[in-house]
Participant: 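My questions will all concern the structure given below.
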Amino acid sequence: MAGGSGAGGAGVGTQPGEPAQPPKSSKPSKPSKPSKPAEPSAPGSGSKPGGGGDGTTSPPTSPPPGKPAPPPAPAALTLSAPQRAAADKRWCEKVTVEFRNTGGSPARSGTVTFATHIIGALGVDWATIRSSQSLPTPIAGGATRSETYTVCVESWRVPLGMRVETQDVSAVWE
């Protein structure tokens with residue numbers, strides 16, 4: 001405790017660092033029983049210097065001045081359904097995809113993956129070929145960007161009478 005006073009109020013007029021002196025009285029003093037040392041208080045039960053109260057703190061209501069604002073949310077892309085158009089070769093197709101960044105940060109790099117189906121003359125889906133191309137970057141946070149890709153498979157996979165259909169598009173980004 002500050003001030004040098006012990007438990008029970010013994011010690012009068014002391015300064016920090018000086019030994020406690022017994023109170024002066026006109027009666028001769030009797031030897032007293034040694035007092036018990038003070039019990040340590042439970043954590044959080046005392047008051048804090050300059051604060052008072054029960055020792056609990058509440059979170060600040062706003063960031064202190066001079067501290068930067070928290071970083072924006074990461075990029076989050078949503079893709080539209082692929083819009084297909086015929087290309088000049090039967091094993092190719094022009095696919096337009098709209099990318100919408102609903103996050104707060106720009107999408108700086110990434111790849112777009114196309115799932116192109118090989119469809120036979122009678123409508124049978126013979127195979128699905130995956131191919132990837134780069135994402136049209138950067139896509140700013142809150143922005144929308146449309147890109148047309150030419151998606152091709154190997155020519156031997158699409159004999160006469162067959163066609164290609166890019167049915168699924170996905171993307172990964174950073």
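Note that the structure is a prediction, hence the values are computed from the model and not measured.
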Participant: Taking the side chain as everything from C-beta on, heavy atoms only, tell me whether Val112 gets closer than 4.5 Å to Val169.
Facilitator: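 The answer is yes, as the side chains (C-beta and beyond) meet within the 4.5 Å cut-off.
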Participant: Any idea which heavy atoms bring Ile139 and Asn101 closest together, and the distance?
Facilitator: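 That closest heavy-atom pairing would be O-ND2, 3.0 Å.
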Participant: Give, for atom CG of Leu160 and atom CZ of Arg90, the distance between the pair rounded to the nearest 0.5 Å.
Facilitator: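 The distance works out to 4.5 Å.
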Participant: A side-chain contact here means heavy atoms from C-beta on lying under 4.5 Å apart; do Leu77 and Arg100 qualify?
Facilitator: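 The answer is no, as the side chains (C-beta and beyond) never meet within the 4.5 Å cut-off.
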Participant: Looking only at the side chains, is there a donor atom on one of His117 and Glu165 sitting less than 3.5 Å from an acceptor on the other?
Facilitator: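 Looking only at side-chain atoms, Glu165 and His117 do not form any donor-acceptor pair under 3.5 Å.
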Participant: Report the distance from atom CG of Leu135 to atom CZ of Phe99, rounding to the nearest 0.5 Å.
Facilitator: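 The distance works out to 5.0 Å.
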Participant: Tyr149 versus Ser134: any side-chain heavy-atom pair under 4.5 Å?
Facilitator: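 No, too far: nothing below the 4.5 Å cut-off.
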Participant: Between Asp125 (side chain) and Ile119 (backbone), is there a donor-acceptor pair under 3.5 Å?
Facilitator: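 Looks like no, no N/O pair under 3.5 Å.
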Participant: Considering only Ile, Leu, Val, Met, Phe, Trp and Tyr, and joining two whenever side-chain heavy atoms are under 4.5 Å apart, list the other residues clustered with Val124.
Facilitator: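 For the cluster that includes Val124, the remaining residues are Trp91, Ile118, Trp126, Ile129, Val153, Val158, Met162, Val164.
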Participant: Give the intermediate values and the outcome of salt bridge (Lys or Arg N to Asp or Glu O under 4.0 Å) for residues Glu98 and Arg145.
Facilitator: CA-CA 6 Å; Glu98 183 177 273; Arg145 190 162 176 184; over 6 Å; no
Participant: When rounded to the nearest 0.5 angstrom, what distance separates OG1 in Thr137 from CH2 in Trp173?
Facilitator: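 Going from the OG1 atom of Thr137 to the CH2 atom of Trp173 covers 13.5 Å.
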Participant: Atom NZ of Lys94 and atom SG of Cys152: how far apart are they, to the nearest 0.5 Å?
Facilitator: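 Output value for this atom pair is 8.5 Å.
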Participant: Counting only N and O atoms by type, is there a donor-acceptor contact under 3.5 Å from the side chain of Glu93 to the main-chain atoms of Thr166?
Facilitator: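 Yes, because the side chain of Glu93 sits within donor-acceptor range (under 3.5 Å) of the backbone of Thr166.
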Participant: State, yes or no, whether a side-chain contact exists between Ser132 and Phe114 at a heavy-atom distance under 4.5 Å.
Facilitator: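 Sidechains of Phe114 and Ser132: no contact.
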Participant: Which residues pass the salt bridge (charged side-chain N to carboxylate O under 4.0 Å, His left out) test with Arg108, sequence neighbours left out?
Facilitator: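 For Arg108 there are no salt bridge (charged side-chain N to carboxylate O under 4.0 Å, His left out) partners, ignoring immediate neighbours.
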Participant: Check for me, please, whether Val97 and Val172 land in the same ILVMFWY cluster - side-chain distances under 4.5 Å, paths through other members count.
Facilitator: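 No, Val97 does not connect to Val172 through the hydrophobic network.
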Participant: OG1/Thr116 to CG/Asp168 distance, rounded to the nearest 0.5 angstrom?
Facilitator: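 Rounded to the nearest 0.5 Å, the OG1-CG separation comes to 9.5 Å.
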Participant: Would the distance check show the side chain of Ser105 and the main-chain N or O of Ala73 forming a donor-acceptor pair, the cut-off being under 3.5 Å?
Facilitator: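 Confirmed, Ser105 side chain pairs with Ala73 backbone.
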Participant: First locate atom CG of Leu79, then atom OG1 of Thr113, and finally report the distance between them rounded to the nearest 0.5 Å.
Facilitator: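 If we round to the nearest 0.5 Å, Leu79:CG and Thr113:OG1 are 10.0 Å apart.
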